[in-house]
Amino acid sequence: RPDPLAVRALARLYLHLGMGAEARQTLRAFDDESGEAALLTSLARIIDEQEPIQADPLARMQECDTAAALWAFLARPVDAAAPVNAAAVLRAFSGLPAALRKSLGQRLSDRFIHAANPGAAHDIRNAMSRSVGAAEDRSLGMVDANLALDANETAPALKKLDQLAQGNDVMAVEAAMTALRLRLDQDETIDPKQVEAIAALAFEHGDGALGAALAALEIEARAAAADYSGAARRLEERQAQYPDSDLRPLARKVFARLAARADDADFLQLYFPQPATFGAALADPAAGSD
């Protein structure tokens with residue numbers, strides 16, 4: 001017979017190491033349905049960035065003056081407007097083991113930025129910087145980039161993002177997407193090499209939400225780089241491959257760049273043949289008269 005206290009102790013050890021899935025598996029394997037096990041399961045889901053369960057016991061604790069405030073802050077939806085005890089969150093974060101500070105730091109900083117509390121985001125960043133090996137911590141670099149973006153410091157943000165994009169992990173993909181989105185929003189000239197880099201990522205990730213987001217960026221970037229025929233071709237390919245997806249907003253973005261920047265020859269070559277996706281976008285009542 002398993003000792004319930006030993007089972008929970010093992011689950012807490014896994015949580016200490018940032019291993020949420022293993023903690024949940026341990027509690028599930030021994031059918032622990034206690035209140036403490038439910039709380040440990042909630043912590044495990046938060047560590048693994050999973051959606052909180054219904055009636056999560058942490059959901060109403062964001063104003064507590066204990067470590068519960070940190071976990072409640074991470075358990076609630078990002079766009080929740082409920083107040084949070086930032087001082088308690090920072091105290092709790094500083095007391096976490098190194099593995100958890102590394103895995104939770106960027107999320108906490110980003111949430112404070114989203115909550116219009118850049119001061120608390122900077123405090124989280126400074127707490128991360130005091131960890132052993134912080135200089136090599138890529139998540140700290142992403143925090144710096146996001147803080148720069150929040151302060152409208154475009155040049156240092158892009159420099160940091162371009163550095164992070166040189167890696168081969170999930171953060172490199174996030175950095176590459178953020179940098180390209182920023183350049184598109186700033187209406188910068190897009191280098192063909194940047195287009196090919198994002199196209200390679202889109203091909204690599206294929207199906208799923210991330211692949212779709214990368215493909216949309218690739219198409220918009222092709223239009224920004226004056227590769228209008230390439231953008232139209234990729235739109236048609238995406239529509240054929242995923243017929244249930246609504247590509248009309250993306251097609252309108254491509255067409256807007258075509259109308260604003262293309263010369264007459266490029267415009268006529270794409271407008272009159274009207275690929276199916278372009279035609280549907282232009283006929284969409286939601287597009288308005290623009």
Side-chain angles (χ1 to χ4, degrees), residues 8-24 36 38-53 56-151 157 160-161 164 169-171 174-175 178:
R8 290 171 215 155
L10 178 57
R12 286 195 297 272
L13 175 61
Y14 281 134
L15 293 178
H16 179 93
L17 298 172
M19 303 167 67
E22 288 78 3
R24 293 199 312 276
E36 183 180 352
L39 183 58
L40 294 175
T41 298
S42 293
L43 298 181
R45 294 181 68 86
I46 292 168
I47 288 171
D48 286 346
E49 294 190 70
Q50 293 192 340
E51 289 291 328
I53 56 178
D56 192 302
L58 293 167
R60 299 177 300 278
M61 299 184 183
Q62 58 261 24
E63 294 186 78
C64 289
D65 200 35
T66 67
L70 180 151
W71 300 102
F73 188 36
L74 290 172
R76 74 184 196 180
V78 174
D79 57 355
V84 62
N85 189 332
V89 171
L90 181 60
R91 284 198 307 271
F93 179 75
S94 297
L96 289 175
L100 286 180
R101 287 201 306 274
K102 183 173 182 178
S103 65
L104 298 178
Q106 184 191 339
R107 258 189 284 167
L108 279 171
S109 178
D110 288 349
R111 278 177 175 257
F112 276 125
I113 289 173
H114 192 274
N117 191 343
H122 275 282
D123 289 339
I124 293 294
R125 184 258 175 228
N126 292 337
M128 293 173 67
S129 70
R130 291 190 286 270
S131 300
V132 175
E136 291 77 37
D137 186 357
R138 287 170 57 76
S139 62
L140 181 60
M142 185 61 77
V143 167
D144 285 336
N146 287 338
L147 285 169
L149 286 174
D150 184 61
K160 182 64 70 174
L161 290 167
L164 293 169
D169 55 5
V170 174
M171 191 168 295
E174 179 186 355
T178 304

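Residues satisfying the salt bridge (Lys or Arg N to Asp or Glu O under 4.0 Å) test with Glu49, not counting sequence neighbours, are Arg107.
Residues Asp48 and Arg24 form a side-chain contact, since some pair of their non-hydrogen atoms from C-beta on lies under 4.5 Å apart. Leu13 places none of its side-chain heavy atoms less than 4.5 Å from the side chain of Met19. For the pair Leu17/Glu22, no side-chain contact is recorded, criterion being any heavy-atom separation below 4.5 Å from C-beta on. Residues Phe93 and Met128 form a side-chain contact, since some pair of their non-hydrogen atoms from C-beta on lies under 4.5 Å apart. Contact of the Arg130 side chain with the Arg101 side chain is not registered, since no non-hydrogen atoms from C-beta on lie closer than 4.5 Å. Phe112 is listed as a side-chain neighbour of Val89, based on a closest heavy-atom distance under 4.5 Å. When side chains are defined from C-beta on, Arg125 counts as touching Leu140, because their heavy atoms get closer than 4.5 Å. In this structure the side chain of Leu70 reaches within 4.5 angstrom of the side chain of Leu96, judged on heavy atoms.
Minimum interatomic distance between Ile124 and Gly105 (heavy atoms only, all atoms of both residues): CG2-O, 3.5 Å. Residues Leu15 and Gly20 share a closest heavy-atom pair of CD2-CA, 4.4 Å. Between Leu164 and Gly141, the closest heavy-atom pair is CD1-C, 3.7 Å. For the pair Met61 and Ala72, the tightest heavy-atom approach, listed with the atom from each and the gap, is C-CB, 3.5 Å. Closest approach of Ala23 to Ala44, counting heavy atoms only: CB-CB, 4.2 Å. Nearest heavy-atom pair across Ala67 and Ala92 is CA-CB, 3.7 Å.
Separation of atoms NE2 (His122) and CG (Leu147) is listed at 4.5 Å; rounding is to 0.5 Å. To the nearest 0.5 Å, atom OG1 of residue Thr178 and atom NZ of residue Lys160 are 14.5 Å apart. The distance from atom CG of Asp137 to atom CG of Asp144, rounded to the nearest 0.5 Å, is 10.0 Å. In this structure, the separation between CZ on Arg45 and CG on Leu74 is 14.0 Å, given to the nearest 0.5 Å. We find the CG-CZ distance between Leu43 and Arg12 to be 11.0 Å, quoted to the nearest 0.5 Å. Distance check, rounded to the nearest 0.5 Å: OG of Ser109 to CG of Asn126 gives 10.0 Å.
Although no hydrogens or angles enter the test, the distance criterion places a donor-acceptor pair under 3.5 Å between the side chain of Arg91 and the main chain of Asp65. A donor-acceptor pair under 3.5 Å links the side-chain atoms of Arg111 to the main chain of Phe73, judged by distance alone.
In this structure, Arg138 does not pair ionically with Glu174, as no charged nitrogen and carboxylate oxygen lie closer than 4.0 Å.
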Worked verdict on Thr66 versus Trp71 for side chain to side chain contact (heavy atoms under 4.5 Å, CB included): CA-CA 10 Å; Thr66 67; Trp71 300 102; over 6 Å; no
Going through the distances and angles, do His114 and Asp110 end up as a side chain to side chain contact (heavy atoms under 4.5 Å, CB included)? CA-CA 6 Å; His114 192 274; Asp110 288 349; over 6 Å; no
